[in-house]
Amino acid sequence: YEAYSKHLSPFHGWALRKVFPASLSQMPDRQAFIAKFGGVSLEELNDEYDREVVKKLKSLVAAWDPLLSTWEKDFARLDLEDMRKV
C-alpha cells in the first residue's frame with residue numbers, strides 16, 4: 001500500500017484512490033501467490049519450492065529491467081510521459 005500511495009495515488013482521481021486500495025485487499029497472501037505463480041497447490045508448497053519460485057521471479061524481473069529502462073528513456077526523450085491525473 002505504501003508503494004501505491006507514493007507512486008500511483010498522486011495520478012489517480014478521487015474514485016480511483018478509493019477503489020484501488022480496496023482491490024489490493026483482494027490480493028492473495030504471499031504463500032498463495034507463490035503457489036499460484038509456481039503452478040502448485042498450497043499443500044504442495046514447501047521451502048525449497050518457494051525459494052525456486054522466488055529465484056525465477058527475480059530472473060523475470062532482471063530480464064524485464066533493461067526493457068523497462070529503455071522504455072523510460074524513450075518516453076522521456078520523446079516527451080511522451082503524461083503526468084496528468086486520471
Among pairs that include at least one residue of residues 63-77, which meet salt bridge (charged side-chain N to carboxylate O under 4.0 Å, His left out), considering only residues two or more places apart or in two chains? Asp74-Arg77
Please, which pairs that meet salt bridge (charged side-chain N to carboxylate O under 4.0 Å, His left out) have at least one residue in residues 25-53, sequence neighbours excluded? Arg30-Asp50
Exceeds 12 heavy-atom contacts within 6.0 angstrom, atom CZ of Phe75: no
Which pair of non-hydrogen atoms, one from Tyr4 and one from Leu16, has the smallest distance, and what is that distance? OH-O, 3.6 Å
Can you find a pair of side-chain heavy atoms, one from Ile34 and one from Leu57, that are under 4.5 Å apart? yes
Whether the side chain of Tyr49 engages the backbone of Gly38 through a donor-acceptor N/O pair (distance < 3.5 Å, no angle test) should be reported.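 Side chain of Tyr49 to backbone of Gly38: a pair is present.
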Shared hydrophobic cluster for [X] and [Y] (ILVMFWY, side-chain gaps under 4.5 Å):
X     : Y     : answer
Trp64 : Val53 : yes
Leu24 : Val19 : no
Phe11 : Trp71 : no

What's the separation between atom NE2 in His12 and atom OG in Ser5, rounded to the nearest 0.5 Å?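 Answer for the NE2-OG pair, His12 versus Ser5, is 11.0 Å.
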